Amino acid sequence: MATDYDAPRKSDDDLENDSIEELKARRNDKSTSNVDVDETEQAEGFELPGADLSGEQLSVQVIPRQADEFTCSKCFLVHHRSQLAKEEGGLPVCTECAA
């Protein structure tokens, strides 16, 4: 929590003059200022696993494999040529799968 060092501070006399009723009233005022959040509105943005997404349009642009990339024969991920560890049976294997 940030502290404003330029703000005037209460003296010891001011602190002693605060009554218990006044402090309780301030605490109640702070707790009533909470905003009620509708749980159904908040949950609308979440997708559940197994939800039917057949009507959804994908907005991802798929780029074909580049000349300096290869597809690992173990994990089937596309990697840059610098990730090539070895070839097993003529098929490329990435450094992560070779480890």
Side-chain angles (χ1 to χ4, degrees):
M1 181 175 191
T3 303
D4 184 10
Y5 292 105
D6 296 329
R9 296 191 177 110
K10 287 187 174 185
S11 66
D12 291 337
D13 296 332
D14 292 337
L15 291 174
E16 290 175 5
N17 292 337
D18 287 342
S19 67
I20 292 178
E21 290 80 20
E22 186 178 330
L23 294 173
K24 286 181 182 177
R26 277 193 231 156
R27 182 178 63 193
N28 289 337
D29 288 343
K30 288 180 184 176
S31 65
T32 57
S33 66
N34 292 339
V35 178
D36 292 334
V37 177
D38 188 11
E39 293 175 4
T40 56
E41 286 180 14
Q42 193 175 22
E44 285 178 3
F46 295 113
E47 291 291 333
L48 298 176
D52 182 23
L53 301 176
S54 59
E56 295 292 321
Q57 287 282 342
L58 295 178
S59 60
V60 176
Q61 182 181 6
V62 178
I63 301 172
R65 186 178 69 216
Q66 303 298 309
D68 62 344
E69 296 175 333
F70 70 96
T71 303
C72 177
S73 61
K74 301 279 184 180
C75 65
F76 303 105
L77 294 176
V78 177
H79 295 281
H80 187 264
R81 286 278 172 203
S82 63
Q83 297 275 320
L84 181 62
K86 60 183 177 180
E87 289 191 12
E88 289 182 359
L91 299 173
V93 178
C94 70
T95 54
E96 293 177 6
C97 294

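All values derive from a computational prediction rather than experimental measurement.
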Side-chain atoms of residues 53-63: list all donor-acceptor pairs with protein atoms under 3.5 Å, sequence neighbours left out, distances to 0.1 Å.
{"unit_1": "Ser54", "atom_1": "OG", "unit_2": "Asp52", "atom_2": "OD1", "d": "3.0"}
{"unit_1": "Ser54", "atom_1": "OG", "unit_2": "Asp52", "atom_2": "OD2", "d": "3.4"}

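Remark: Lys86 engages Glu88, Val93, Ala98 in a side chain to side chain contact (heavy atoms under 4.5 Å, CB included) (not counting sequence neighbours). Not a single side-chain hydrogen bond (donor to acceptor under 3.5 Å, both in side chains) links Asp6 to another residue, sequence neighbours left out. With sequence neighbours left out, the side chain to side chain contact (heavy atoms under 4.5 Å, CB included) criterion links Leu91 to Ser73. Scanning for salt bridge (charged side-chain N to carboxylate O under 4.0 Å, His left out) contacts around Glu87 gives an empty result, with sequence neighbours left out.
Taking CZ of Arg81 as the start and CD of Gln66 as the end, the distance is 12.0 Å to the nearest 0.5 Å.
Grouping Ile, Leu, Val, Met, Phe, Trp and Tyr residues whose side-chain heavy atoms lie under 4.5 Å apart, directly or via other members, places Leu84 in a hydrophobic cluster with Phe70.
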